[in-house]
Amino acid sequence: MLKTKEDIAKRLNIKSYEEVLQFPKYFEFETINACNARCLMCTIDEWDGNPKKVVSDELWRKFVENVKPHKEWIEKITLTRDGEPLLDTKIAQRIKTLKEAGIKKVVIVTNAQALSKRKSQEILEAGIDEIYFSVDGYSKEAYEKIRVGLSYERVLENILYFIVLRDSNFPNTKIRLRMIEQEENMFESESWLSFWKSKVDLEKGDMVYVMPLHSWGNQLNTESIDKVEYMSSFACISPFSSMAIHYDGKVGICGVDYGSKHLLGDFSKSSIEYIWQEGFKKARELHLNSKRNDIWLCRGCDLWDRNYKY
């Protein structure tokens, strides 16, 4: 757990804390704010997944131009935030553009419902480095109870095909499978882990894990008083390492801020550097001075400090 600037520098594997201030090392860039599911643990009813909410070509070009000079510093760009990235018809081209710009690791997180054979081929050819599949259930019953609107059979078929295609022609792409553990599926965790471990190549860097449900920064449910008190003296790594940019350019305090309720900047009007150095300044000060509870979304949140089951 982090308390000092030295702790933060060590966690980010950098020489000094001052390096933090130059530019984010991690990005989540939402190219589309729409989804083909209505999952129990999601806040989609509040952000309304309208298919027309796609990043403009102008804002996308600005993002690429802004990150390209920092390609050696940036560790990862994830082309996902709240929306389902495969609904973005340009997602493969966006992956390719970032890879051609020299970004070391380009990632998407998907529910795989729209992962057709053609789409699998396209994103693998584009150079995707990692793909996260969110599969919240071992059985059809549990899965479809949670992932409302999706087909268990179709998702399973799509992922298994992707694995075969990856194994055959694109060995450098890493596959991550994750399940969010909750009341409807927790009795299936061990079976789920066993099944998916048998399908991927853990020795070559693939990963399978179960993660606990989170509160979306007290927006889905409220963190307990005990947890709020315990976490209050620790700094979260997110405001020192990561920036989440929504399709319209809004930048909230972190990825859980789906509505940009704690707005720190607007990329459509400012540069990443300005937002990072000026917009995030107050949030960093609060976290470093044991005052994170002044930010409602940060109260009791441990999203980046949790234990997973592997």
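Index from 1, following the sequence. Everything numeric here is computed off the predicted structure, so don't read it as measured data.
Taking CD1 of Ile131 as the reference point, atom CG of Leu124 lies at 7.5 Å (rounded to 0.5 Å). With values rounded to the nearest 0.5 angstrom, Gln121 atom CD is found 10.0 Å from Phe162 atom CZ. In this structure, CZ in Phe240 is found 8.5 Å from CH2 in Trp276, a value given to the nearest 0.5 Å. The CD atom of Glu188 sits 8.0 Å away from the CD atom of Glu141 when rounded to the nearest 0.5 Å. Of the inter-residue distances, the one linking Ile275 atom CD1 with Leu264 atom CG reads 8.5 Å to the nearest 0.5 angstrom. From Arg94, atom CZ reaches atom CG of Asp88 across 4.0 Å, with rounding to the nearest 0.5 Å.
Side-chain atoms of Tyr161 and Leu115, non-hydrogen and from C-beta on, never get closer than 4.5 Å to each other. Side-chain contact between His287 and Ser238 is absent, with no heavy-atom pair separated by less than 4.5 Å. Looking at heavy atoms from C-beta onward, His214 lies out of side-chain contact with Glu223 at the 4.5 angstrom threshold. Between Pro24 and Ile272 the shortest side-chain heavy-atom distance falls below 4.5 Å. Between Phe195 and Leu156 the shortest side-chain heavy-atom distance falls below 4.5 Å. In this structure, the side chains of Arg178 and Met211 come closer than 4.5 Å at one or more pairs of heavy atoms. Within the 4.5 Å cutoff, no side-chain heavy atoms of Tyr132 are placed close to those of Thr78. Side chains of Asp7 and Arg11 form no contact here, defined as non-hydrogen atoms less than 4.5 Å apart.
No chain of hydrophobic side-chain contacts below 4.5 Å, direct or via other Ile, Leu, Val, Met, Phe, Trp or Tyr residues, connects Ile225 to Leu220. Under the 4.5 Å side-chain heavy-atom criterion for grouping Ile, Leu, Val, Met, Phe, Trp and Tyr, Tyr230 is not connected to Ile295 through any hydrophobic cluster. Met231 and Val228 sit in two unconnected hydrophobic clusters of ILVMFWY residues. Membership requires side-chain heavy atoms under 4.5 Å apart, directly or through other members. Hydrophobic clustering (side-chain heavy atoms under 4.5 Å, transitive across Ile, Leu, Val, Met, Phe, Trp, Tyr) groups Leu160 together with Leu165. Following chains of ILVMFWY side-chain contacts shorter than 4.5 Å, one can reach Leu21 starting from Val67, so the two form part of one hydrophobic cluster.
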| task | Apply side chain to side chain contact (heavy atoms under 4.5 Å, CB included) to Cys298 and Ile253, showing your working. | result | CA-CA 9 Å; Cys298 300; Ile253 191 167; 3.8 Å; yes
| field | Steps toward side chain to side chain contact (heavy atoms under 4.5 Å, CB included) verdict (Lys104, Glu75) | value | CA-CA 6 Å; Lys104 290 178 285 188; Glu75 292 295 331; 3.6 Å; yes
| Trace of the side chain to side chain contact (heavy atoms under 4.5 Å, CB included) decision for Thr31 with Lys90 | CA-CA 9 Å; Thr31 70; Lys90 297 181 180 180; over 6 Å; no
| task | List the steps and the verdict of side chain to side chain contact (heavy atoms under 4.5 Å, CB included) for Phe170 and Glu125. | result | CA-CA 8 Å; Phe170 305 93; Glu125 288 181 349; 3.8 Å; yes
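Without hydrogens or angle criteria, Ser260 side chain to Leu263 main chain gives no donor-acceptor distance under 3.5 Å. With hydrogens and angles disregarded, no donor-acceptor distance shorter than 3.5 Å links the side chain of Trp192 to the backbone of Met179. In terms of modelled atom types and a separation under 3.5 Å, the side chain of Arg292 and the main chain of Cys301 share a donor-acceptor contact. In terms of modelled atom types and a separation under 3.5 Å, the side chain of Glu19 and the main chain of Ser16 share a donor-acceptor contact. In this structure, the side chain of Asn33 does not engage the main chain of Tyr247 through any donor-acceptor pair within 3.5 Å. A donor-acceptor pair under 3.5 Å links the side-chain atoms of Asn185 to the main chain of Ile180, judged by distance alone. A donor-acceptor pair under 3.5 Å links the side-chain atoms of Gln219 to the main chain of Val256, judged by distance alone. In this structure a side-chain-to-backbone donor-acceptor pair under 3.5 Å is present from Asn158 to Ala112. Judged purely by atom type and a 3.5 angstrom limit, Arg166 uses its side chain to pair as donor or acceptor with the backbone of Thr173. Side chain of Asn218 to backbone of Arg299: a donor-acceptor contact under 3.5 angstrom is found.
Between Glu157 and Arg154 no salt bridge is recorded (no basic side-chain N to carboxylate O distance below 4.0 Å). Using a 4.0 Å cut-off between charged side-chain N and carboxylate O, Lys53 and Asp82 make no salt bridge. Comment: Lys199 does not engage Asp206 in a salt bridge, judged by the lack of any side-chain N to carboxylate O separation of less than 4.0 angstrom. Using a cut-off of 4.0 Å between Lys/Arg side-chain N and Asp/Glu carboxylate O, Lys250 and Asp257 are scored as not salt-bridged. With respect to Asp129 and Lys105, no salt bridge is recorded, no charged nitrogen being found less than 4.0 Å from a carboxylate O. Between Glu130 and Lys174, none of the side-chain N atoms (NZ, or NE/NH1/NH2) sits under 4.0 Å from a carboxylate O, so this pair counts as no salt bridge. Using a 4.0 Å cut-off between charged nitrogen and carboxylate oxygen, Glu65 and Lys62 do not count as a salt-bridge pair.
Closest of all the heavy-atom pairs between Glu30 and Gly83 is OE2-N, 3.4 Å. The two residues Gly300 and Lys227 come nearest to each other via the heavy atoms O-CE, 3.0 Å. In plain terms, the two heavy atoms of Arg38 and Cys35 that are nearest each other are NH1-O, 3.3 Å. In terms of heavy-atom proximity, Asp248 sits nearest to Leu59 at C-CD2, 3.8 Å. Asn111 approaches Ala37 most closely through the heavy-atom pair ND2-CB, 4.3 Å. Heavy atoms only, all atoms of each residue included: Lys99 and Ala126 are closest at CG-O, 3.9 Å.
For Lys140, the NZ atom is densely surrounded, since the number of other residues' heavy atoms within 6.0 Å is greater than 12. Counted within 6.0 Å of NZ on Lys96, heavy atoms from surrounding residues, nucleotides or ligands total 12 or fewer; the atom is thus considered open. When the shell of 6.0 Å around OH of Tyr308 is examined, it contains more than 12 heavy atoms from other residues, nucleotides or ligands. Counted within 6.0 Å of NZ on Lys68, heavy atoms from surrounding residues, nucleotides or ligands total 12 or fewer; the atom is thus considered open.
For the residue pair Thr110 / Glu84, a side-chain donor-acceptor distance below 3.5 Å is found, with atom types taken as modelled. With hydrogens and angles left out, the side-chain atoms of Glu190 and Ser194 include no donor and acceptor closer than 3.5 Å. Of the N and O atoms on the side chains of Ser268 and Asp266, at least one donor lies less than 3.5 Å from an acceptor on the other residue.
Just one residue in the list His246, Arg81, Met243 forms a side-chain contact (heavy atoms from CB on, under 4.5 Å) with Glu28, and that residue is Arg81. Screening Gln22, Glu273, Lys25 against His70 for a side-chain hydrogen bond (donor to acceptor under 3.5 Å, both in side chains) leaves a single residue, Glu273.
For Lys3 and Phe234, the positive end sits near the middle of the six-membered ring, less than 6.0 Å away and at most 45° from its axis.
By the 30° and 60° cut-offs, the orientation of the rings of Phe267 relative to Phe29 is perpendicular.
For Tyr138 and Trp196, the gap between ring centers reaches or exceeds 6.0 Å.
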